[in-house]
Amino acid sequence: MTSPATKLPSITRDEFGEFFAALDAALDAARNNAPNEAPKEKQKRYPFSWQEEVLDHICEHGVWPERINAPTGSGKSSVVDIHLFANALAAVGAAPRVPRRLCVTVGRRALVDSQATRADKILGCLEDALADGSGEPDILRRVAEALQSFQTRNDEKGSKPFETGHIRGELSNRNLPVTDISACAIIAATPDMYGSRALFRGYGSTKAARPRETALLAMDTVMVLDEAHMNRQLLHTTQRIAELQKREANLGVPTLQVIETTATPSTEDSDSTTLGVDIEALDSPNDEELRKRVHSHKELVLRPIDKWDGKPGNAATVNAAVDAIKDFLAHREAGEGSDEAHTVGCIVNHVRTAISIKEKLTKDKVLGKDEVELLVGRMRPYDLQKLHPDLFTTEGDESVKVVVATQTLEVGIDVDFADLVTELAPASSLAQRFGRVNRLGRRTDSKVVVIRPTNSDSVKKDAPPYKAVDLSNAYGWLEALNDAENPSVNPAAMVKNPPVQSSPERLLYQRPEWSDLLEFSRTDENPYDEPDLDLWLHDSLDAETAMGGVIVRDNLPSNTSAAMEILKTSYFAPSDEETFPANLKILHEILDYQDEHGVKPRKFLYRQGEISLWQDADHEEESRQSLAPGDVLLLDTGSVPFTNQGIAVTQRELPSKKDELEAVPFPKGIKLYVYEKCADREKDFREYLGLSPEEVAELLDSQSSGSETRIASELSIEAEDGQEVISWYAVVTDEESVEDSDIAQELAPTDPVLLDDHQNDVAERTRQLAENLGLAPEFSEALELAAKYHDEGKRDLRFQQMLGADLQADALAKSGHRSVAEAYRARSRSALPRGWRHEQLSALMVAASPEKVGEHRDLVLRIIGCSHGHGRFSFAHDAGFLLKEGYLPEGMDYEALKEQAIRLFNVGYWDNLMEQTSRTYGPYATAYLEAVERAADAQISREGH
């Protein structure tokens, strides 16, 4: 953390152009693996006029404009650069306080990945600038130092200029900077993952993580909804959340700001501030490049076919697309000599169509397998990482001749195809697809072929996912474009003849009300049924649009109890990297699948951080109703076929020859040994043969070391020679981070930590965070008080015994160094009942000593009780479960404390306290205050105090 005495660098608004150009050059150098060299023969790229205007608006008003209208290729991704510079100006006092976090949300997984990758690369450039301490600091270094001043962390890793986050797929990958809540941050998210968190119900999140993630993404955050016309319901929902937050207590930090960015705005609110590109006024020298893009050569070629029907895998569409691709390849080969990549793009409407096109190109030996890439949304990140790294950049990859994709390539990725083939789609979708070709205006012969029916009568029926009216309107729009003297689909042509907006999926959009938000914020309770967020998140209410995921594992033992042990062990928990995105229809088909013997293979369900064995319902309809968005099925490798070309598909889309799926390997430093699948049992299980699980546990305790953790099954099986042996064990040499888990509250990396010291340190860090964030004094005081007493419940002697404390000495907050496995074993052997919460006892102890918290009593109690995400709005256990006579610290009156506990947790005063504080301060404000205290606690724990 930058100390108060540290002088921050000087940065002025006029230096934005220099920052923009320097960052662009650094990114270009990084792409060429020459971080210390300026790119050769490349002119500096300064911001366009509209980008300067957005920054001016932020600096003048302290808020972002509600809308940014900019055609494809005009640099909308620069909102990240603007956000970083505006925060750097705020840090040095040269601009108003603005939201610290920027969340770019878009309904295409590939683009979310692209945004996250770009944010990581920018972070690397600024870290390189910080590391270069020679000479006068340049603009990148000064911006990095200014942003670094927002950090309060003080661990051995040092402070980053800003944090990054990435939430896509159907699992929470714990890649949100919840611990660094004061830092500037860039987060990339899909609409469902963002929207569910904005409503306190994060898909894939554990219940304890929900309020913290909501606070991070819905407070002190600007949410940029890219191509908002594709997510109108989410736009309405988030705008309403931002409106309702104005009714909450003013904490002194910005509330949610929502910005829609698109070339076709989805609302008609005349009061909204709109900035963007005026194609008729690109007169500035800095707009010369943009002017070239706007008027780029993109010749429209209509290719009618007789048998187009808009259905998946339509043979006529596949053949026409392959023929058009062949023509483009022949043309490009005849004109060889350019250094530029000449990749041809092909964007179609269905996964089956895309797969068929790739298969035909390779089967006909038009291209080799490595010369064609397939990109659809339903690919797991592990497989996406294997694609050519430069392919989805404006530089491209000349080794790839063709990219075949679905709608996942429509939005925002900086790919620059030489030519494009697409089939008929709604006009707004086609406009996005056209933006993927000749994106920078460098080519003079780029063409766009649109495959469509011979006459408009063929588009009088819906062709899911599109409606007939939208396809018919697109047909007429293309006719109008084609009637021009020089048929073109560049941005200038589409300004003169704008694409027809798609018809709304719903007659009415739903907006959340205050009562809805209060109900959603009850995150720790177990409702009879989880709320269906489709009403507030999706334009279409078609159940098939809801997403889940599938994971395959090749190392699970046949013993289901042993397999459950492995899946529930934190080292082997499901991860985003191995998840195939799949809609619920595909998941239902997997559940219904039977092998050749009529047997349904074993399946596990991952939901809200919990693993369970899937129990097939007696009735099919009951089974179908039991799946929910965000659910992930775990399968044994090869047990259920569900992929084609590594993409999750329906059973009718499966290939004749089954895919050979590869399970994603565990991270380096983590090895799992399963007896029945072990190639060298004699070597790997020798020391455990003949030992019971209890004896193995004692052996592991004696073998523990600081550099290696060994954990083993609590189940035994019969070895080949008839002896008893454990089912599995694991060796971990790279200790997993457990900072967000309950067990982190019991661990310290080095020496034991005294409770008083820990609470004082957390209180001081909370004060620093509150000052850094600019929290209003009354809330800073309440937070500091809550932090000072947040772990009082750890004084319970049962908890101290679990930590291995000397009961005659000062109480501990954390034990000395233990492995995660040792900590879990100590907890299981302690006298504490399962599910006991130390923060519940902390709230009780403070409630019994009102002099500690004064006028902020209820708010302080809430922050303490919810300090780990539990207790919202009630705790699962009553006074009898919480307290045990004889285990309270000396000086505490058991009877008096029990009477207070009965009032709080039996009679219902805690529920009333939660309800009243939520109504008084607001559900987002209270979640944010809880998150600040949790961040301080996690930072101090991470630093070993």
* Got a second to check how far T221's OG1 is from R101's CZ, nearest 0.5 Å? -> 4.0 Å
* Structure fact -> Interatomic distance, CD@E163 vs CG@L216, rounded to 0.5 Å, equals 10.0 Å
With distance as the sole criterion, is a donor-acceptor pair present between the side chains of [X] and [Y] under 3.5 Å?
{"X": "S159", "Y": "Q148", "value": "no"}
{"X": "T164", "Y": "D120", "value": "yes"}
{"X": "H166", "Y": "D113", "value": "yes"}
{"X": "D226", "Y": "T261", "value": "yes"}

Quick one: does any side-chain atom of [X] pair with a main-chain N or O of [Y] as donor and acceptor, under 3.5 Å?
{"X": "Q233", "Y": "Y509", "value": "no"}
{"X": "T237", "Y": "W536", "value": "yes"}
{"X": "R443", "Y": "D419", "value": "no"}
{"X": "Q151", "Y": "K160", "value": "yes"}
{"X": "T214", "Y": "R197", "value": "yes"}
{"X": "T422", "Y": "I347", "value": "yes"}
{"X": "Q407", "Y": "N349", "value": "yes"}
{"X": "N490", "Y": "S296", "value": "yes"}
{"X": "N438", "Y": "S446", "value": "no"}
{"X": "E127", "Y": "P161", "value": "no"}

* To do: Walk me through it: do Q432 and M230 pass the test side chain to side chain contact (heavy atoms under 4.5 Å, CB included)?
  => CA-CA 11 Å; Q432 294 299 327; M230 299 192 307; 5.8 Å; no
* **T105 side chain reached by L234 side chain, heavy atoms, under 4.5 Å** => yes
* List the steps and the verdict of side chain to side chain contact (heavy atoms under 4.5 Å, CB included) for R332 and K401. => CA-CA 10 Å; R332 292 297 169 188; K401 304 299 183 184; over 6 Å; no
* **side chain to side chain contact (heavy atoms under 4.5 Å, CB included) assessment of L420 paired with C346** => CA-CA 6 Å; L420 180 72; C346 178; 6.0 Å; no
* Aromatic rings W64 and H83: how do their planes relate, parallel, tilted or perpendicular, breaks at 30° and 60°? -> tilted
* Going by the angle between their ring planes, with limits at 30° and 60°, are F85 and F16 parallel, tilted or perpendicular? -> tilted
* Going through the checks in order, is the side chain to side chain contact (heavy atoms under 4.5 Å, CB included) test met by R439 and R436? -> CA-CA 6 Å; R439 188 172 178 82; R436 305 309 120 202; 2.7 Å; yes
* **Derivation and outcome, salt bridge (Lys or Arg N to Asp or Glu O under 4.0 Å), residues R232 and E260** => CA-CA 10 Å; R232 297 174 187 175; E260 56 171 318; over 6 Å; no
Salt-bridge criterion met for [X] and [Y] (N-O under 4.0 Å):
{"X": "E289", "Y": "R293", "answer": "yes"}
{"X": "E52", "Y": "R13", "answer": "yes"}
{"X": "R141", "Y": "D138", "answer": "no"}
{"X": "D576", "Y": "R380", "answer": "no"}

* Asked: What are the two closest non-hydrogen atoms of P254 and V98, and how far apart are they?
  -> CG-C, 4.0 Å
* Asked: Under the 6.0 Å and 45° cation-pi test, does R100 pair with F150?
  -> yes
* To do: Give me the one residue out of D24, D287, D81, D28 that meets salt bridge (Lys or Arg N to Asp or Glu O under 4.0 Å) with R45.
  => D24
